Amino acid sequence: MLDLKTVRERPEWVEARLKTRSGHYDLTTFYALEAEKRELQAKTEKLQARRNEISRAVGRMKANKEDAAELLTEMATLGPLLKETEGALRTKEEDLQSELARLPNLPAEEVPIGPNESGNVVLRSWPEGFKQTTPATWTPLNHWDVGERLGILDFASAAETVGARFTFFRGAGARLIRALTAFMLDLHTLEHGYEEILPPFLTNKESLFGTGQLPKFEEDLFCLRDEPFYLIPTAEVPLTNMVRGQIIDESRLPIKLTAWTACFRREAGAAGRDTRGLIRQHQFDKVELVWITRPEESMEALESLTSHAETVLKRLELPYRTVALCTGDMGFASAKTYDLEVWLPGQGCYREISSCSNTLDFQARRMKARLRRTETKVVEPVHTLNGSGVAVGRALVAVLENYQQADGSVVIPDALRPYLGGISLLKPTM
RNA sequence: GGAAGGAUGGCAGAGCGGUUGAAUGCAACGGUCUUGAAAACCGUCGAGUCGCAAGGCUCCGUGAGUUCGAAUCUCACUCCUUCCGCCA
């Protein structure tokens with residue numbers, strides 16, 4: 001949620017910033033609503049003040065056994081009028097709020113301006129001097145071919161029992177998912193200082209509003225038929241909402257949380273895209289990183305958080321690059337986003353494996369998550385950040401494609417071996 | 001699922017329908033005292049919103065109702081606690 005004051009006081013700046021995003025945002029109805037609302041508010045409060053005055057006077061007169069008939073007559077007309085005005089104000093406020101809630105965050109000043117992903121800027125690649133070459137003597141396979149030959153990915157069974165965009169991981173495949181998850185959680189908790197959380201995989205409307213998935217992106221979510229719950233599309237939702245409604249002592253910040261969860265997405269707008277393989281599933285595992293910070297430290301925190309996600313890929317020795325998303329490609333709540341894209345030799349391209357965002361106070365305002373300054377006692381919104389550290393399914397894709405050998409076998413990355421009970425090589429079964 | 005109780009400020013915990021935005025305690029902050037600290041004492045101490053300001057208005061789980069006036073009365077809902085049943 002944008003700060004109402006900023007939107008009101010710097011309209012041309014806000015509009016210019018919004019214009020750099022994809023989609024167009026017209027603020028004229030917003031400003032009209034805002035003006036009407038303030039007028040109504042002034043009127044309502046004047047009436048309320050009078051009502052309070054009268055009831056105080058009536059109380060005093062009754063105590064003194066005086067006659068309050070005249071005041072009661074005034075209330076007879078003022079009462080209904082007030083009720084009507086209050087109702088109108090309330091409606092207007094709701095309209096205004098829902099206008100405001102539909103506006104995305106303003107991109108930070110340093111974010112490159114661009115219309116879509118073509119405007120993104122590659123900041124760095126790892127390892128340095130990495131060449132996107134493929135072996136001369138053999139052609140790397142797609143991960144789904146690698147996985148099926150190893151007997152660890154079973155798409156057919158999933159299609160049968162559930163439908164498209166689901167997978168059964170079998171044997172070493174299931175174990176690899178578990179190993180990747182444990183490796184990432186250990187890294188973040190033991191070396192990067194995060195608290196591990198195991199949150200609920202269901203959430204409610206309020207939390208989804210807090211992080212910005214609702215009201216605009218309902219069609220991306222799975223919801224239950226008989227209960228008012230949604231399946232989480234990312235652990236960002238429960239983790240960030242842990243501080244919802246709270247006033248946190250400045251001394252307790254930053255709060256750094258990590259969690260493994262399954263994530264559930266409708267992928268409603270992605271029909272026909274990435275239909276094969278693990279890249280775009282309705283359910284996938286992800287290790288998430290969330291920071292709750294003081295405003296002045298959030299941009300630095302974004303660099304740390306991103307480096308923590310990068311460390312996962314470095315330890316797994318997976319080539320990747322770090323990309324600054326441009327204004328046209330950023331998510332709704334984000335003010336600044338870095339994507340990590342991992343190299344997939346089987347497909348000959350880089351694919352997103354992590355997305356790290358600073359939402360500044362955008363989610364905090366929606367959640368009413370605030371901090372209290374130690375010195376001044378002033379209360380102000382916290383800043384929230386989130387990032388994947390990293391997507392587990394896509395990490396498996398990257399391992400399968402990068403570690404495959406000419407004979408169809410897959411070498412287990414060193415970092416994962418402690419989690420795989422000594423397995424160091426997966427051999428094809430067919 | 002059944003029964004009972006509860007929901008008030010950072011926490012604890014009062015609150016005859018009318019200066020109660022809310023006693024009291026703790027915590028916190030400022031000060032006095034002290035070489036320093038502790039203790040003691042004095043003071044400050046909820047959030048939001050409108051306004052240049054003075055000041056006004058809103059908020060005691062949520063919504064509706066009764067009333068001139070509701071934290072306080074009525075109804076519905078939500079959540080929490082305890083007991084019973086069921087259950088991974």
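Everything numeric in this text was worked out from a predicted model, so none of it was measured. Chain letters run A, B, ... following the sequence lines, proteins first, then strands; residues in each count from 1.
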Looking only at atom P, what distance separates B:A88 and B:C75, rounded to whole Å?
39 Å
In Watson-Crick or G-U wobble terms, with both distances under 3.5 Å, the base opposite B:A28 is B:U44
Side-chain donor-acceptor pair present, A:Ser298, A:His383, cut-off under 3.5 Å
yes
Counting only Watson-Crick or G-U wobble pairs whose two distances fall under 3.5 Å, which nucleotide matches B:G17?
none
Both distances under 3.5 Å, Watson-Crick or G-U wobble: report the partner of B:A3, or none.
B:U82
Nucleotide opposite B:G36 in a Watson-Crick or G-U pair, distances under 3.5 Å:
none
List, one per line, each side-chain donor-acceptor pair under 3.5 Å for residues 89-97 of chain A, sequence neighbours excluded.
residue: A:Thr91; atom: OG1; partner: A:Gly87; partner atom: O; Å: 2.9
residue: A:Lys92; atom: NZ; partner: A:Glu36; partner atom: OE1; Å: 2.6

Just how far is it from atom OG1 of A:Thr261 to atom CD of A:Gln283, taken to the nearest 0.5 Å?
10.0 Å
Let me spell it out: for each of A:Val58 and A:Glu380, pick the nucleotide of RNA chain B with the closest heavy atom. Which residue's pick is nearer the 5' end?
A:Glu380
Could you check A:Leu231, A:Ile232, A:Asp220, A:Thr234 and say which one makes a side chain to side chain contact (heavy atoms under 4.5 Å, CB included) with A:Arg265?
A:Thr234
Taking only Lys NZ, Arg NE, NH1 and NH2, and the carboxylate oxygens of Asp or Glu, determine whether A:Arg165 and A:Glu267 approach each other closer than 4.0 Å.
no
Within the structure shown, what part of the strands sits under 4.0 Å from A:Arg365 by heavy-atom distance: base, sugar-phosphate, or nothing?
nothing
For B:U44 versus B:G5, give the span between their C1' atoms, rounded off to a whole number of Å.
38 Å
C1' atom, B:G18 versus B:A70: distance in rounded Å?
10 Å
Just checking A:Asn52: base, sugar-phosphate only, or nothing, at a heavy-atom cut-off of under 4.0 Å?
sugar-phosphate
Mate of B:U74 where both pairing distances stay under 3.5 Å, Watson-Crick or G-U:
B:A64
When all nucleic acid strands are considered with a 4.0 Å heavy-atom cut-off, which category describes A:Arg90: base, sugar-phosphate, or nothing?
sugar-phosphate
B:U62 versus B:C68 - spacing of their C1' atoms, nearest Å:
26 Å
Show me the side-chain donor-acceptor pairs of residues 411-422 of chain A shorter than 3.5 Å, one per line, residues at least two apart or across chains.
residue: A:Arg417; atom: NE; partner: A:Ile412; partner atom: O; Å: 2.9
residue: A:Arg417; atom: NH2; partner: A:Ile412; partner atom: O; Å: 2.9
residue: A:Tyr419; atom: OH; partner: A:Asp186; partner atom: OD2; Å: 2.7

Donor-acceptor pairs under 3.5 Å, side chain of residues 110-117 of chain A to any protein atom, not counting sequence neighbours: which ones?
residue: A:Glu110; atom: OE2; partner: A:Lys336; partner atom: NZ; Å: 3.0
residue: A:Asn116; atom: OD1; partner: A:Ser118; partner atom: N; Å: 2.9
residue: A:Asn116; atom: OD1; partner: A:Ser118; partner atom: OG; Å: 2.6

C1' spacing across the pair B:U66 / B:A14, given as an integer number of angstrom
26 Å
At under 4.0 Å between heavy atoms, what does A:Arg60 touch on the DNA or RNA strands: base, sugar-phosphate, or nothing?
nothing
Between A:Thr85 and A:Thr44, do the side chains contain an N or O donor and an N or O acceptor separated by less than 3.5 Å?
no
Nearest-angstrom distance, C1' atom, B:A12 to B:G69:
31 Å
Strand contacts (RNA chain B) in residues 33-43 of chain A, 4.0 angstrom heavy-atom criterion
A:Arg38, A:Gln41
Atom C1', compared across B:U82 and B:A27: separation rounded to whole Å
30 Å
Test: side-chain hydrogen bond (donor to acceptor under 3.5 Å, both in side chains). Region: residues 207-217 of chain A. Which pairs qualify, not counting sequence neighbours?
A:Tyr25-A:Lys216, A:Asn204-A:Ser207, A:Ser207-A:Arg244, A:Thr211-A:Gln213
Looking only at side chains, do A:Asn386 and A:Ser357 share a donor and an acceptor under 3.5 Å apart?
no
Sugar-phosphate, base or nothing in reach of A:Lys368, heavy atoms under 4.0 Å:
nothing
Heavy-atom nearest nucleotide on RNA chain B taken for A:Ser55 and for A:Gln48; more 5' hit belongs to A:Ser55
Can you check the distance between B:U20 and B:G13, where both ends of the measurement are the P atom (answer in whole Å)?
24 Å
Boundaries of the chain A footprint along RNA chain B (any atom under 4.0 Å from a heavy atom)
B:G18 to B:G69
